[in-house]
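Quick note: numbers below take in every heavy atom, side chains included, and nothing from hydrogens, waters or symmetry partners. Atoms within a ligand are numbered from 1 in the order they appear, just like the ligands themselves.
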Amino acid sequence: MSERMEQVLSEARSAIESAASLDGLNAVRIQFLGKKGSIQSLMAEMKNLPREEKPAFGQKVNDLKNEVSRRIEEKQAELAKEAEKARMAGEKIDITLPGDNLEIGTIHPLIMIQQQLEDLFLGMGYTVAEGPEVEQDHYNFELANIPKDHPARDMQDTFYIDPNTLLRTHTTAMQMRELEKANGKLPIKLICPGKVYRRDDDDATHSHQFMQCEGLVVGEHITLADLKGTLEYMASAMFGKGRKVRFRPSYFPFTEPSVEVDVSCPFCNGKGCSVCKHTGWIEILGAGMVHPHVLEMNGFDPKKCSGFAFGVGLERVAMLKYGIDDIRNFYMNDLRFLKTFDRFD
Ligand code: DAH
């Protein structure tokens, strides 16, 4: 091999050796093997040689060309492998890394109680009614037999929006709407769960916003015994089998007679404990027979039909059922509190 060829070969070797990328190697290929490359220019020298030297010279240049091509190919394979390796390293997924947790909410305990009551009463053939929280004085008070200046209005400190509009103080307002809507048609069998509002100072047992569920049944021959059986069934479903229910005389303007309803303490089974203040009974709701005047005002003949009604506080039920001692917990949106309910159905 001529000196010139030796030189080209060694230049090519080191250029190939030091090529750091496929692009760089391609530049080396063009520099040596391209149309204007060093090896092509060696070929061009052939025409200046004597005829007999031409074949040997041509053979040598060819050998050189093959040698450089081979080395470039080798290097190319090497670089391609490295590039692939680098790409794989960049794409590597560490499957042992812990994933991002998706926050899943839980059903609010009050909604849980509402749903349980709805299921229970739907199963007994009741319908579920819904109505406005911004209510007219007419439904909240007038039709419930609580006219203006009636002392019973003081029992329910009311948020007034204007003299005739207020935030409903009890779901009994819905009882009146449904009675009016029925337009004298029997039977009526419904519950109405929802939010109610009173101007109370919030403390462990009072909240200016809370929830109630109203119950109303009107038909022929409905009696206090029907009310008692229904409430006993409800108490057993909500607080465990075998709950007993006791009526104590009370007063509500929209019922006559009116009763406060106690349930036998689910914690001590009626024997007496700190929760029931050693009485064996816990008060859970107000109820009664729909007042004849209420029936009349809403277009029913109290001689031909009768009805019972009740109103239960959902917070009270939830507090007893889940052992919660502060009503404000329901409204603080503290996740530590709310998340404890994911273990209940
Ligand atoms: N509305 C009453 C209250 O908020 C609860 C109540 C008592 C509802 C007796 C009734 C009932 O339907 O018959 O305190």
Side-chain angles (χ1 to χ4, degrees), residues 110 113-114 117 121 126-129 131 133 135-147 150-159 166-180 182 188-200 205-219 222-231 234-235 245-263 283-295 297-298 300 302 305-317 327:
L110 293 177
I113 297 291
Q114 177 181 337
L117 286 173
F121 281 97
Y126 286 58
T127 54
V128 179
E133 289 166 29
E135 187 52 284
Q136 295 166 30
D137 184 287
H138 181 66
Y139 294 108
N140 198 83
F141 289 130
E142 293 289 333
L143 286 182
N145 206 19
I146 316 175
H150 192 291
R153 289 208 180 198
D154 297 342
M155 282 161 63
Q156 304 190 352
D157 271 329
T158 309
F159 286 112
L166 45 82
L167 295 184
R168 69 180 175 195
T169 59
H170 52 181
T171 44
T172 304
M174 272 308 290
Q175 205 191 114
M176 303 313 146
R177 278 182 177 270
E178 290 295 321
L179 280 172
E180 187 188 70
I188 298 171
K189 219 175 154 189
L190 59 91
I191 58 165
C192 174
K195 295 190 190 108
V196 298
Y197 303 84
R198 289 188 201 172
R199 281 177 45 209
D200 263 332
T205 52
H206 295 86
S207 170
H208 62 280
Q209 176 196 314
F210 55 105
M211 287 190 80
Q212 289 187 332
C213 182
E214 194 80 5
L216 173 69
V217 173
V218 184
I222 301 292
T223 68
L224 212 56
D226 296 318
L227 173 64
K228 195 164 188 188
T230 305
L231 293 180
M234 177 179 93
V245 157
R246 153 177 111 167
F247 284 173
R248 281 180 291 109
S250 185
Y251 171 76
F252 298 104
F254 32 88
T255 42
E256 182 57 37
S258 302
V259 291
E260 300 274 5
V261 181
D262 298 340
V263 56
E283 184 191 324
I284 59 157
L285 56 85
M289 299 304 291
V290 181
H291 199 292
H293 189 221
V294 170
L295 288 174
M297 277 190 290
N298 284 293
F300 291 87
C305 65
S306 55
F308 69 68
F310 62 87
V312 56
L314 299 198
E315 283 80 357
R316 177 122 183 91
V317 174
I327 196 172

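The aromatic ring centroids of H170 and F254 lie less than 6.0 Å from each other. Here the two rings, on F121 and F310, have centers that are under 6.0 Å apart.
Between the side chain of N145 and the backbone N or O of P253, at least one donor-acceptor pair lies under 3.5 Å.
Under the 4.0 Å criterion applied to side-chain N and carboxylate O atoms, K195 and E315 are not assigned as salt-bridge partners. Salt-bridge formation is detected for the pair E135/R177: a Lys NZ or Arg NE/NH1/NH2 atom is positioned less than 4.0 Å from an Asp or Glu carboxylate oxygen.
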The test is side chain to side chain contact (heavy atoms under 4.5 Å, CB included); show your working for E214 and M174 and say whether it passes.
CA-CA 8 Å; E214 194 80 5; M174 272 308 290; 5.7 Å; no

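Near ligand 1, Q156, H170, T172, Q175, R198, Q212, E214, F252, F254, T255, G286, A287, G288, A309, F310, G311 each place a heavy atom less than 4.0 angstrom from the ligand.
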